[in-house]
Amino acid sequence: MARAELLTGMRSTGLDVREVDRPVDFAHGFTVQVYPHVRILPSHSLRIVFAPDDPAIPRVHARGPGCPAHRNPDGSLCLWYPKDAPSRRWSPGDGGRLLVAITVRHLRWEAAYRATSVWPGFEAPHGHGSPGLDEQDRIIG
């Protein structure tokens, strides 16, 4: 997937998405910053890093209220388990809109967890979040 297509998809959510760096192509990795939005992403800003060594597995860091569950050791959001079926993970071909949607849903689940101590979403047996979209789950809009 081209970097421009990915960014267009992210921006189609209505969020303010800005490139932090501009590499030659997707395979060289890049970073975007997603700024808070009153309705969609009220309390967080995001930094999404597509690393040059593996741009298909973005690291999403959220600045805002933290959560003691469903974070990776580096502080990034645990959006899916790497060994999940492809239908339960994001891949570049899924586009930027779906990546943002999965991230927003994860942050909403974190807010629910902070309030109730119960994770309201999908979980892999190892205990990390594994959000796959299903038809009943509207995230953006």
Handout entry: Spacing of OG1 belonging to T103 relative to CG belonging to L99, to within rounding of 0.5 Å
Key = 4.5 Å

Exercise for the section: Give the minimum heavy-atom separation between R11 and E19, together with the two atoms involved. Expected result: NH2-N, 4.3 Å

Exercise for the section: Could you tell me if the ring centre of H70 sits under 6.0 Å from that of W109? Expected result: no

Exercise for the section: Give a yes or no answer on whether the side chain of R89 reaches the backbone of W80 with a donor-acceptor pair at less than 3.5 Å. Expected result: no

Exercise for the section: Please name the pair of heavy atoms, one in R39 and one in R108, separated by the smallest distance, quoted to 0.1 Å. Expected result: O-NH2, 4.2 Å

Exercise for the section: Would you indicate whether the side-chain heavy atoms of W90 and L98 approach each other to under 4.5 Å? Expected result: yes

Handout entry: Greater than 12 external heavy atoms within 6.0 Å of R63's CZ
Key = no

Fill in the blank from the handout: Correct closest heavy-atom pair for S43 and P65 would be O-CD, 3.3 Å

Handout entry: Any side-chain heavy-atom pair of H44 and P36 under 4.5 Å
Key = no

Practice task
Identify the two heavy atoms, one from L77 and one from N72, that lie closest to each other, and give their separation to 0.1 Å.
Solution key: O-ND2, 3.2 Å

Problem - Where A62 and R71 come nearest, the two heavy atoms and their spacing - result: O-NH1, 4.1 Å

Exercise for the section: State plainly whether one hydrophobic cluster holds both V49 and V60, where clusters connect Ile, Leu, Val, Met, Phe, Trp and Tyr through side-chain heavy atoms under 4.5 angstrom apart. Expected result: no

Exercise for the section: For the pair F30 and F50, name the ring-plane relationship: parallel under 30°, tilted 30 to 60°, perpendicular over 60°. Expected result: parallel

Problem - Polar side-chain atom of R47 near backbone of T31 as donor-acceptor pair, under 3.5 Å - result: no

Handout entry: Within-4.5 Å side-chain heavy-atom neighbours: V32 and L7
Key = yes

Exercise for the section: Please check if the side chain of Q33 supplies one atom and the backbone of L46 the other of a donor-acceptor pair under 3.5 Å. Expected result: yes

Problem - Close side-chain approach of P58 to I48, heavy-atom, < 4.5 Å - result: yes

Handout entry: S45 OG to H61 NE2 distance, which is reported to the nearest 0.5 Å
Key = 12.0 Å

Practice task
Quick one: closest heavy-atom pair of L6 and G95, and the distance?
Solution key: CD1-C, 3.7 Å

